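Have a look at the structure below, then the notes.
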Amino acid sequence: MTYKDFDIVIIGGGHAGVEAALAASRMGKTSAIVTMDAKKLALMSCNPAIGGIGKSHVVKEIDALGGIMGMAADASGIQFRRLNLSRGPAVWSTRVQCDRRYYNDYVVEHVSGEARIEVIEDLAGEILTENGRVKGIRTESGALIQCGAIIVATGTFLGGLIHIGEKKIKAGRFGENAAYKLSDSFRELGFEISRLKTGTPPRLNGDSIDWDKCQIQPGDEPMPLFSHQTKRDAFKQTPCYLTYTTAKTKEIILENIKRSPIFSGQLNSAGPRYCPSIEDKFYRFVDKPRHQLFLEPEGNGTSEVYPNGFSTSLPEDVQAAAIKTVTGLEQVEITRPGYAVEYDYCPARQIKANLETHLVKGLFFAGQINGTSGYEEAAGQGLMAGINAVLHLEKEPPFILDRSEGYIGVMIDDLTTRSTTEPYRLFTSRAEYRLSMREDNARDRMADYARKYNLLPKAVLNSFRELQSKTETAILSFKKVRLAAVDLGKYANELNNMNSMTLEHFLKQPQISIEKAMPLLVLHNSEFADQPEVLERAAIIIRYQGYIEKQQREINKFKKLEHETIPEDFVFQAITGLKQEATEKFQRFRPDSLGQASRMEGITPGDVAVLSVHLKRHKATA
């Protein structure tokens, strides 16, 4: 069978694949999502939650560039929380516990309404190329789909192998097939392929949990939403709960640890450092008597519960025995066992900063195939791959976010300049310019790009311009309004100086948090009383103005190196005076700029200086 031609073929219907297809559609291109089940687009294989430390910044950036993840999380959210509020706004993060099925349904309905997207239920088997360029794919059923660009977003399905104790199942997700022929196609094209693993905990029947023995974790009011387009009324949020393992849990797991594929030698791939299995926790932190677990509902229409923190690949009988020793879970029923899944990925030194591969033109990688973990990381890459695939077709310059512009840029730069030997997870600590890349200013950072690439409706962009104007008005007000003694009286414990001061000066007092200051901001800016986002944005800019200006100077220095681009055909072996190790690394990673070269592992300032000299000579003679 031969399908009609598409501009872009997207292999995989997870978070990366969906964002890629939607971005391409918004930019006027047709795409085919090739996936095994059209009803499982963006299905949450693990915890049905979006956001968290660092990850939420990516969701905000995706939303600012027209992506769907933030809207889907807001629409399906059953609990909303803000994290890290005791620290500065650079690390404030949002987390939404979602209804797993509703999130999936929301995305499916949204994609089905896009005329330029067709979902094809099949399994991709072979990448077809001609003269070093993609020309289409052949599916395992023999169907031929021709296109000008391909985005590979296979998640854990590429060579997927599930481990439950000694049991091994060829699958990319519990109960679903894996793609093996596609891995062979990549090898034939010359790609290096390695293995990684991830895991998930057993699912529990919430009706069999003794909730009274657990600590309730309510949502926040007012609800912190991800998307600036969301309009959702307040509702009674579903609580999560905190509980703990016991000494008996530890005893059972350590007695059976050799039956875990991770410790028996059956599974040798690296897993996520920041989300270890429960057996790994007890092994690595042997002196710790207990570990906390968060019991998180999978939705309002189901009694199934996700025990966050109990990821495991132990045999089912050991899982059942161990989970019943956790406080409140003494009578719990397991509805589905936990497991580890091992899968193929292509180390990301094989891609450029626009996510296109070095080996094949028009072939883009996004998500776990690049060595990342997490829905948010995958979605961010998918969005960028979709935009860049369109720009490739239109022979336009690529869209590359650098490290000073967004967390998506930090992530892609990390992947392309460092060796990924374990699943990559994004944190705020990875961003050296995080003071300038906050949740609250994601739209400020992305608006020009959204406008340039037609990623958002004009009405939405105009609405944001209005918000920016209101923020500027509030900042001017903060500079003019002078607080009297009656205003400052309630802050006597936090202030050393009780003399009259402007709101601007008040906001810069170290002991006055923005949350504490908010009543005064509302009192003296009544026109924005019902618009807390305006006041918060203005307060953050005022409070951290000095730090932000200092960081901007650092960013300006950084930009100089980023603008020193390296031609794609530059021959690193021809450089004299460069260490052999540096030559090999440059040739292997193919940095796009002098700045990117400077951040590669093992590269010294001396190496960069030599490269800079030869780069100038090359450009002078070009």
Side-chain angles (χ1 to χ4, degrees), residues 54 56-57 60-61 63-64 82-94 222 224-226 228 401 403-407 409-410 428 431-451 461-483 487 491 494-495 501-556 558-559:
S56 69
H57 291 67
K60 293 277 189 177
E61 290 170 9
D63 186 70
R82 295 189 82 182
L83 312 177
N84 264 358
L85 291 182
S86 62
R87 302 175 65 190
V91 295
W92 290 353
S93 300
T94 304
L225 299 170
F226 273 123
H228 58 281
L401 286 170
R403 299 184 70 88
S404 70
E405 294 179 294
Y407 276 83
V410 171
T428 51
E432 57 270 53
Y433 306 117
R434 57 185 172 273
L435 278 177
S436 302
M437 301 193 309
R438 308 176 305 275
E439 273 195 350
D440 67 276
N441 71 353
R443 279 180 286 169
D444 298 88
R445 292 181 281 116
M446 300 298 148
D448 286 344
Y449 293 123
R451 192 173 293 111
L461 291 169
N462 290 339
S463 175
F464 176 60
R465 278 203 185 101
E466 186 180 341
L467 174 63
Q468 287 178 310
S469 177
K470 289 178 179 178
T471 302
E472 290 168 6
T473 300
I475 289 172
L476 290 174
S477 171
F478 293 171
K479 292 175 183 285
K480 292 177 182 177
V481 171
R482 196 155 200 92
L483 301 176
D487 291 318
Y491 300 98
E494 288 91 359
L495 295 173
M501 65 180 76
T502 62
L503 262 176
E504 177 187 25
H505 187 63
F506 177 73
L507 281 167
K508 291 182 178 181
Q509 302 306 303
Q511 300 306 314
I512 302 294
S513 68
I514 291 175
E515 184 181 13
K516 285 181 181 178
M518 193 57 72
L520 270 186
L521 303 185
V522 172
L523 177 66
H524 293 285
N525 295 271
S526 57
E527 62 181 302
F528 301 129
D530 60 343
Q531 299 175 64
E533 182 182 12
V534 172
L535 297 175
E536 184 175 270
R537 278 168 52 89
I540 290 171
I541 292 170
I542 287 288
R543 186 174 178 84
Y544 296 94
Q545 185 177 15
Y547 298 105
I548 292 169
E549 288 174 353
K550 180 182 177 183
Q551 188 154 100
Q552 188 57 50
R553 291 192 290 272
E554 296 170 359
I555 290 171
N556 292 340
F558 160 80
K559 293 277 191 184

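Keep in mind that what you see is a predicted model, and the values were worked out from it rather than measured.
- Checked by atom type and distance alone, the side chain of R543 pairs as donor or acceptor with a backbone atom of Q509 at under 3.5 Å.
- Ion pairing of E405 with R445 is absent here, as no side-chain N (NZ or NE/NH1/NH2) approaches a carboxylate O to less than 4.0 Å.
- Counting non-hydrogen atoms of other residues, nucleotides and ligands closer than 6.0 Å to CD of E515 gives a total of 12 or fewer.
- For the pairing with L507, the side-chain contact (heavy atoms from CB on, under 4.5 Å) check across I512, L520, T502, L521 returns one residue only, L521.
- We find that E533 and R537 are not joined by a salt bridge, their nearest charged nitrogen and carboxylate oxygen being 4.0 Å or further apart.
- F558 and Y433 have tilted rings, their planes meeting at an angle from 30° to 60° on a 0 to 90° scale.
- The shortest non-hydrogen separation linking A474 to A538 is CB-CB, 3.7 Å.
- Two residues are said to be in side-chain contact when any heavy atoms from C-beta on lie closer than 4.5 Å; I541 and F478 fail this criterion.
- No hydrogens or angles considered: a donor-acceptor pair under 3.5 Å links the side chains of N462 and R465.
- Checked by atom type and distance alone, the side chain of R434 pairs as donor or acceptor with a backbone atom of A431 at under 3.5 Å.
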Would you sort out whether M446 and L401 count as a side-chain contact (heavy atoms from CB on, under 4.5 Å), showing the intermediate values? CA-CA 10 Å; M446 300 298 148; L401 286 170; 4.0 Å; yes

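- With a 4.5 Å cut-off on side-chain heavy atoms, Q531 and L467 do not count as touching.
- Proximity of I542 to L503: side-chain heavy atoms (C-beta onward) are nowhere separated by under 4.5 Å.
- Within a 6.0 Å sphere centred on CZ of R451, other residues, nucleotides and ligands contribute more than 12 heavy atoms.
- No donor-acceptor pair closer than 3.5 Å links the side chain of H57 to the backbone N or O of G406.
- Nearest heavy atom pair, residue L461 against residue A447, reads CD2-O, 4.1 Å.
- Counting heavy-atom neighbours within 6.0 Å of K480 NZ, excluding the residue itself, gives a total of 12 or less.
- Judged by distance alone, with hydrogens and angles left aside, the side-chain atoms of D63 form a donor-acceptor pair with the main-chain N or O of H228 at under 3.5 Å.
- Of the candidates R443, R438, E439, N441 forms a side-chain contact (heavy atoms from CB on, under 4.5 Å) with just one, namely R438.
- Of the possible donor and acceptor atoms, none in the side chain of Y491 sits under 3.5 Å from a partner among the backbone N and O of Q511.
- Residues P89 and I540 come closest through the heavy atom pair CB-CD1, 3.8 Å.
- The main-chain N or O of T94 is found under 3.5 Å from a side-chain atom of S56 such that the two form a donor-acceptor pair.
- A salt bridge links R82 and E536; the closest N-O separation between the charged side-chain nitrogens and carboxylate oxygens is under 4.0 Å.
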How far apart are the C-alpha atoms of K550 and L435, what are their side-chain angles, what is the distance that settles it, and do they pass the side-chain contact (heavy atoms from CB on, under 4.5 Å) test? CA-CA 10 Å; K550 180 182 177 183; L435 278 177; over 6 Å; no

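- Using a 4.5 Å cut-off on side-chain heavy atoms (C-beta onward), V522 and L535 make contact.
- Counting only N and O atoms by type, the side chains of Q552 and S436 include no donor and acceptor under 3.5 Å apart.
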